[in-house]
Amino acid sequence: MQWQDYVIAVGSILFIIALMPSVLGKNKPALSTSVMTGSVLMVFAITYTTLHLWFAGITTALTAIQWFILAIQKYQQKPEK
């Protein structure tokens, strides 16, 4: 196991924790921000797994999924007046 796998995984876990207030709260980031961030993170997750950085790949994919959840939540919000 490479030490980089653990470092990236811990960073991703911290991002997951940091995003929880946004997922659970009322205010959401812009739809384009959420979609773009989720997409880039998913590419990173795939890249990490091809390098056999399994923990980094899984935790980064979970972070990407959180961003996609935020995108869905923003899309489903009623427009503000």
Side-chain angles (χ1 to χ4, degrees):
M1 192 65 56
Q2 298 177 346
W3 64 269
Q4 293 93 335
D5 193 16
Y6 293 116
V7 171
I8 296 167
V10 168
S12 292
I13 290 167
L14 293 174
F15 279 135
I16 290 168
I17 293 166
L19 281 173
M20 285 311 296
S22 293
V23 171
L24 300 174
K26 179 178 149 183
N27 298 323
K28 307 298 177 189
L31 180 61
S32 59
T33 300
S34 298
V35 170
M36 181 64 74
T37 304
S39 299
V40 170
L41 286 172
M42 197 56 75
V43 170
F44 286 174
I46 293 166
T47 304
Y48 293 148
T49 56
T50 64
L51 294 170
H52 303 286
L53 300 174
W54 304 112
F55 293 124
I58 291 166
T59 56
T60 302
L62 291 173
T63 308
I65 290 167
Q66 255 188 324
W67 278 103
F68 290 134
I69 289 169
L70 286 168
I72 292 166
Q73 290 174 336
K74 182 66 173 184
Y75 181 77
Q76 292 177 341
Q77 275 183 342
K78 294 182 176 150
E80 296 179 17
K81 294 182 181 181

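In this chain, numbering begins with 1 at the start of the sequence shown.
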Atom pair [atom1]/[atom2] of [X] and [Y] - distance to nearest 0.5 Å:
X	Y	atom1	atom2	answer
Met20	Ile17	CE	CD1	9.5 Å
Thr49	Asp5	OG1	CG	10.5 Å
Leu53	Tyr6	CG	OH	11.0 Å
Ile58	Thr63	CD1	OG1	12.0 Å
Leu51	Gln4	CG	CD	10.0 Å

Between Lys28 (side chain only) and Ser22 (backbone N and O only), is there a donor and an acceptor less than 3.5 Å apart? yes

Donor-acceptor pair, distance only, cut-off 3.5 Å: does the side chain of Gln77 make one with the backbone of Lys26? yes

Heavy-atom nearest pair, Ala61 first then Met42, reads O-CE, 4.0 Å

So, for Gln66 and Val23, which heavy atoms are closest and what is the spacing to 0.1 Å? NE2-CG2, 4.0 Å

Members other than Phe15 in its cluster, when Ile, Leu, Val, Met, Phe, Trp, Tyr link by side-chain heavy atoms under 4.5 Å? none

Which atom pairs, one a donor and one an acceptor, fall under 3.5 Å between side chains of residues 29-41 and the rest of the protein, sequence neighbours left out?
from	atom 1	to	atom 2	distance (Å)
Ser34	OG	Ala30	O	3.3
Thr37	OG1	Thr33	O	2.8
Ser39	OG	Val35	O	2.8

Can Phe68 be reached from Leu19 by stepping across I, L, V, M, F, W or Y side chains whose heavy atoms are under 4.5 Å apart? yes

Kindly assign one of parallel, tilted or perpendicular to the pair Phe44 and Tyr48, based on the angle between their ring planes and the thresholds 30° and 60°. tilted

Pick one: which of Ile8, Leu14, Ile13 meets side-chain contact (heavy atoms from CB on, under 4.5 Å) with Thr59? Ile13

